[in-house]
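So that the names make sense, note that chain A is the first sequence line, chain B the second, and so on, each numbered from 1.
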There are 2 protein chains.
Amino acid sequence: MASIRDVAVRAGVGIGTVSRTLNNSGYVSEETRLRIMKAVEEIGYKPSAIATNMVKKRTGIIGVMVPNQEHPFFAKIMKHMEIELYKQGYKCLICNTLDIVNRQKSFIDMLDSRAVDGIISCVDELPDFSNHSRGAIVSFDRNSEAGVPIVRSEHEMGGRLVAELFIKKGCKRVCQFTAGLDKKRTANIRHEVMKEVLEEAGVEVISIITAWDALSYSYNKDMVHKYWDIIENVDGIMTTDIGALSCLSVAQQKGLSIPDDLCIVAYDGTEITELSYPELTVVQQDCAEIARKCVENVLKMVDGEKVPELELIPVKLIERGTT
Amino acid sequence: MASIRDVAVRAGVGIGTVSRTLNNSGYVSEETRLRIMKAVEEIGYKPSAIATNMVKKRTGIIGVMVPNQEHPFFAKIMKHMEIELYKQGYKCLICNTLDIVNRQKSFIDMLDSRAVDGIISCVDELPDFSNHSRGAIVSFDRNSEAGVPIVRSEHEMGGRLVAELFIKKGCKRVCQFTAGLDKKRTANIRHEVMKEVLEEAGVEVISIITAWDALSYSYNKDMVHKYWDIIENVDGIMTTDIGALSCLSVAQQKGLSIPDDLCIVAYDGTEITELSYPELTVVQQDCAEIARKCVENVLKMVDGEKVPELELIPVKLIERGTT
DNA sequence: TTGAAAGCGCTAACAG
DNA sequence: CTGTTAGCGCTTTCAA
């Protein structure tokens, strides 16, 4: 593999001059520039990114860690992150944690080994950072407890919007599937807030705790069947996209009329919610903006700048056919 | 940032010895090993991956290039690739081409600059490789024309399975949405074969050419509406998951009874096809196996081994509620 | 067993 | 304007 030295020899110049022309830094006479470019062309020289990394102590790579990139929400977020990183001249390395601690750990380790310049992470609990350089790391959608800056949707607003919609529709008994009501986990905030607002208005709220985040579509459907005796006795339900689609599907199968018998609201609002009939009413997270903000902040941290501890991205209620 | 030299000084040994202990290569006495590990611990030393790359001339990174990672099929494939690469000790860098040539090009360039050890690619036409080292690159699901080895589903079988199913169901007029009938594009093979088998059996086939691959869910629905006068006059339709879901949704909206009025078969068979009611009948691609094979082959190429020009992965027909 | 030395390919002073 | 030199942090001979 040709190196910068080969080019220098061929063009009859020093390697410094070659470096300067290639990087457009410092002065190079037009004549030698041409000679060098010709040599580059002739021997098909391509600079080694690895060697540049060595000198610059940067790889230009940001790692993105999500539970499962196949999940529509994460797939969408990641796509936008890659696009945003590309705009900024960075590359995007991925890790599906699959809720396996070892995977998280080995990914985080890449920060220490400087294999990546920074990390954008979405895991419930980051490993203990006490032994780590801490480096450039931002978290999104989940809490970290480790003093890592976080970017997330304004789930307080989301929960309130859903509650108000249910009230407007005259619902009296509402059910929500949630991974818990512990506010430490940011995704639970919407459920907690919805519950508060609804109960204040005299609406009964039933919270079913499940591993609802599981990508497994069949798991979601199983849950709907399992709790059907509850669901068929409520007039409103809120859960994530996949869960909502499962509810709709099972409800139709059981002969319910949507939204007359049951109002369904999907949280996340990825495109799959437009594929059912009727289309789902959703609270939509602004994935593009979340991604943009994460990238902006992690790159600031790479450059040693400070970033806010918390960034809130507004959500949007879109009323469609299930309410 | 502590370097191997700092460790050596602290432990009172040479850097070679430190390297040997850390990599478990060569002889090191238990005593000095302990001393070195202690020093490592004390100064919190973490080896620099960049420096190792420099000397090994490898990054341990494989690039994966797809049109759009948000698309359910690619999201699934990529997840399995990441998992498979992780198993083999490799990391996974992503690129959404978004059908932008510059993006493809700059990604492929990483092979030349040795920023990645190999590439797994899914684009219609790879850039001209005449100026490239060619390196370790495999293609999946799409043709390349560049002599790049390819891994893909056995779409011939897929097309035949769908055709036979339509025949079994007594369909007389079948419609398919396709990006073309040109067999050079591997995704078209199934459409071409289905058409042949069906016409041989006396079934009329209508092929509608669209940019059906577009992720845009709304685009898919628009197409269904646009060609509704055709669709309402056929008794069978085959297209990809998202297209099929769109058809089902619109058909239900128009009051058709599925599958009595219209049989729908989705090609790809990702999990979203289980979320509708009725669930979609599908031809399912084996994403995990495609991913496994791609990884296996690209890593072989990284090691200089030869791999087959073409690997065919069987598909599976799953009859559900829309046929 | 272990230390010293020679690179890996490039960038960034620095001296002409 | 341009060539030389000194590393970047690590692995790997090669002697000792």
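- In this structure, A:Glu82 does not pair ionically with A:Lys91, as no charged nitrogen and carboxylate oxygen lie closer than 4.0 Å.
- Between A:Arg58 and A:Asp303 there is a salt bridge, since a side-chain N of the basic residue sits under 4.0 Å from a carboxylate O of the acidic one.
- Contact footprint of chain B on DNA chain D: nucleotides with an atom under 4.0 Å from a non-hydrogen protein atom, first to last in 5' to 3' order, D:dG9 to D:dT12.
- In terms of position on DNA chain C, the residue among A:Ser48 and B:Gly16 whose nearest nucleotide sits closer to the 5' end is B:Gly16.
- Here the straight-line distance linking atom CD1 of A:Ile150 with atom CD of A:Glu309 works out to 9.5 Å at 0.5 Å rounding.
- Counting heavy atoms from C-beta outward, A:Gln69 and B:Gln69 have side chains that approach closer than 4.5 Å.
- The closest side-chain heavy-atom distance from B:Val298 to B:Ile62 is below 4.5 Å.
- Atom-to-atom, CZ of B:Arg20 to C1' of C:dG3 comes out at 8 Å; the value is rounded to the nearest Å.
- Straight-line distance from the CZ atom of A:Arg58 to the C1' atom of C:dA12: 16 Å, rounded to whole Å.
- Rounded to an integer number of Å, the gap from A:Ile36 CD1 to C:dC10 C1' is 15 Å.
- Here A:Glu289 does not pair with A:Lys293 in a salt bridge; the nearest charged N to carboxylate O distance is not below 4.0 Å.
- For the pair A:Tyr27 OH and C:dA13 P, the computed distance is 15 Å after rounding to whole Å.
- B:Thr32 comes within contact range of the sugar-phosphate backbone alone, with a heavy-atom separation under 4.0 Å but no base atom that close.
- Annotation: cation-pi pair B:Arg103/A:Tyr86 present, NZ/CZ under 6.0 Å from the ring centroid and within 45° of its normal.
- Atom-to-atom, CZ of B:Arg114 to P of C:dG9 comes out at 8 Å; the value is rounded to the nearest Å.
- With respect to A:Glu42 and A:Arg10, a salt bridge is recorded, a charged nitrogen being found less than 4.0 Å from a carboxylate O.
- For the pair B:Lys38 and B:Glu41, the salt-bridge criterion is not met [side-chain N within less than 4.0 Å of a carboxylate O].
- A:Val28 comes within contact range of the sugar-phosphate backbone alone, with a heavy-atom separation under 4.0 Å but no base atom that close.
- B:Asn23 comes within 4.0 angstrom of sugar-phosphate atoms only, judged by non-hydrogen atoms across all strands, and of no base.
- Backbone-only engagement by B:Thr52 is indicated by non-hydrogen atom pairs under 4.0 Å involving sugar-phosphate atoms exclusively.
- Contacts with DNA chain D (heavy atom under 4.0 Å) in residues 2-15 of chain B: B:Ser3, B:Ile4, B:Ile15, listed by number.
- The side chain of B:Val55 has C:dG7 as its nearest neighbour among C:dG9, C:dT2, C:dG7.
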